[in-house]
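Structure record follows, encoded as structure tokens.
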Amino acid sequence: MSQLIGNIYIVVAPSGAGKTSLVAALLQAEPSVELSVSYSTRAARKGEIDGKHYHFVERSVFDAMVERGDFLEHAEVYGNCYGTSAPWIRGRLEAGQDILLEIDWQGAEQVRAVFPDAIGIFIAPPSIEELERRLRGRDTDAEEVILRRLASARAEIDKIAEYDYIVVNDDFERARQDLISIVRAQRLKSGPQCRRLAEMFRRMGTAGAQ
Ligand code: GDP
Ligand code: ADP
Ligand code: 5GP
């Protein structure tokens, strides 16, 4: 299933860079892109809804899913387990749907091994100091969790050249437009356009003159 009709977007960012906020804004502007809801063993944050932000599961359930091969990819991130549902992804791709995965860099590498055409997008903060301000400002994580996430951020930024696109989330509106532009440009590529508009171009071409 490595020949894609729909696009797979993989959005990676250091925690606190604004990935979740930007992806939510993108999905509002481009509702035809569907978000993959990951499984996670982390506790739900205030305001997070089971089945919408994540499928929150116990570690024993997560491990059983790994055993059954239910995940396209899974990884341990900051001490919790996260995974992407393989059957959901397969179903959406068979339907020709564009999908977006909001996952960590380890998961991104696993997905690109299966789908080399997946589009990798890295969201970078404007500085480490601003990243720390956002993580603290979000007020959802304990001090120890924040420190662990900041330490990982530098290592993640070292791998930035592996992505197809890089969006710096300094001014939110600018970053939102950048992300939307990536999705729109991808749709306008000639391969997908020729498939989608085959009949229109056939009629406009020499065949239509006969
Ligand atoms: P935030 O995205 O930094 O607010 O924090 P989360 O706790 O929601 O996510 C923690 C990390 O797990 C992030 O790097 C996510 O991208 C990553 N993550 C979320 N879902 C998945 C998944 O299904 N698979 C993998 N591999 N990573 C995931
Ligand atoms: P992530 O999903 O990458 O961990 P979030 O989307 O939760 O990041 O954003 C982290 C915090 O930073 C949130 O409180 C969010 O409102 C804020 N934020 C996101 N983008 C910007 C920006 N461009 N300028 C200032 N604050 C931002
Ligand atoms: P948070 O716990 O703050 O929501 O997310 C922490 C990190 O886990 C983020 O970098 C997020 O992208 C990542 N993450 C969320 N879901 C998945 C997933 O399904 N797979 C992987 N590999 N990482 C995930």
Taking [X] first and then [Y], would you say they form a salt bridge - that is, a charged N and a carboxylate O separated by under 4.0 Å?
{"X": "Glu156", "Y": "Arg149", "value": "no"}
{"X": "Glu48", "Y": "Arg42", "value": "yes"}
{"X": "Glu129", "Y": "Arg133", "value": "no"}
{"X": "Glu144", "Y": "Arg148", "value": "yes"}
{"X": "Arg154", "Y": "Asp158", "value": "no"}
{"X": "Asp170", "Y": "Arg174", "value": "no"}
{"X": "Asp141", "Y": "Arg136", "value": "no"}
{"X": "Glu173", "Y": "Arg176", "value": "yes"}
{"X": "Asp164", "Y": "Arg112", "value": "yes"}
{"X": "Arg92", "Y": "Asp98", "value": "no"}

So how far is it from [X] [atom1] to [Y] [atom2], rounded to the nearest 0.5 Å?
{"X": "Cys81", "Y": "His74", "atom1": "SG", "atom2": "NE2", "answer": "8.5 Å"}
{"X": "Ile99", "Y": "Ser32", "atom1": "CD1", "atom2": "OG", "answer": "12.5 Å"}
{"X": "His53", "Y": "Ser40", "atom1": "NE2", "atom2": "OG", "answer": "13.0 Å"}
{"X": "Ser15", "Y": "Asp104", "atom1": "OG", "atom2": "CG", "answer": "11.0 Å"}
{"X": "Leu22", "Y": "Ile180", "atom1": "CG", "atom2": "CD1", "answer": "9.5 Å"}
{"X": "Ser38", "Y": "His55", "atom1": "OG", "atom2": "NE2", "answer": "8.5 Å"}

Aromatic contact, Tyr82 with Tyr54 (centres under 6.0 Å): yes

Check: Phe62 ring centroid to Phe71 ring centroid under 6.0 Å: yes

Search all heavy atoms of [X] against all heavy atoms of [Y] and return the closest pair with its distance.
{"X": "Lys52", "Y": "Val37", "value": "O-CG2, 3.6 Å"}
{"X": "Ile128", "Y": "Leu150", "value": "O-CD2, 4.4 Å"}
{"X": "Ala75", "Y": "Glu73", "value": "N-OE1, 4.2 Å"}
{"X": "Trp88", "Y": "Leu35", "value": "CH2-O, 3.5 Å"}
{"X": "Ala13", "Y": "Lys19", "value": "CB-CB, 3.8 Å"}
{"X": "Val168", "Y": "Pro126", "value": "CG1-CA, 4.1 Å"}

Report whether [X] and [Y] are members of the same hydrophobic cluster (ILVMFWY, side-chain heavy atoms less than 4.5 Å apart, transitive linking).
{"X": "Val145", "Y": "Leu131", "answer": "no"}
{"X": "Ile121", "Y": "Phe172", "answer": "yes"}
{"X": "Val57", "Y": "Val66", "answer": "yes"}

Ile119, Ile8, Val11, Leu179 screened by side-chain contact (heavy atoms from CB on, under 4.5 Å) with Leu100, the one that passes: Val11

Any donor and acceptor pair, going by atom type alone, linking the side chain of [X] with main-chain N or O of [Y] inside 3.5 Å?
{"X": "Arg203", "Y": "Ala198", "result": "no"}
{"X": "Arg134", "Y": "Ala17", "result": "yes"}
{"X": "Gln106", "Y": "Glu76", "result": "yes"}
{"X": "Gln97", "Y": "Asn7", "result": "no"}

Crowding at CD, Glu199 (>12 non-hydrogen neighbours, <6.0 Å): yes

Heavy-atom neighbours of Glu143 CD exceed 12 at 6.0 Å: yes

Leu93 vs Phe115, side-chain contact (heavy atoms from CB on, under 4.5 Å): CA-CA, chis, key distance, verdict: CA-CA 11 Å; Leu93 288 179; Phe115 298 110; 3.6 Å; yes

Non-hydrogen side-chain atoms of Tyr9 and Val183 separated by less than 4.5 Å: yes

Heavy-atom side-chain contact between Phe122 and Pro14 under 4.5 Å: yes

Working for side-chain contact (heavy atoms from CB on, under 4.5 Å), residues Lys159 and Glu109: CA-CA 11 Å; Lys159 290 169 162 282; Glu109 287 186 358; 3.4 Å; yes

Candidate pair Tyr39 and Thr84, rule side-chain contact (heavy atoms from CB on, under 4.5 Å), full reasoning: CA-CA 6 Å; Tyr39 286 79; Thr84 302; over 6 Å; no

Tyr163 and Ile10: CA distance, side-chain angles, deciding distance, side-chain contact (heavy atoms from CB on, under 4.5 Å) verdict: CA-CA 9 Å; Tyr163 295 83; Ile10 308 175; 5.8 Å; no

Criterion side-chain hydrogen bond (donor to acceptor under 3.5 Å, both in side chains) on Thr41 and Glu58, from CA distance to verdict: CA-CA 6 Å; Thr41 62; Glu58 295 293 331; over 6 Å; no

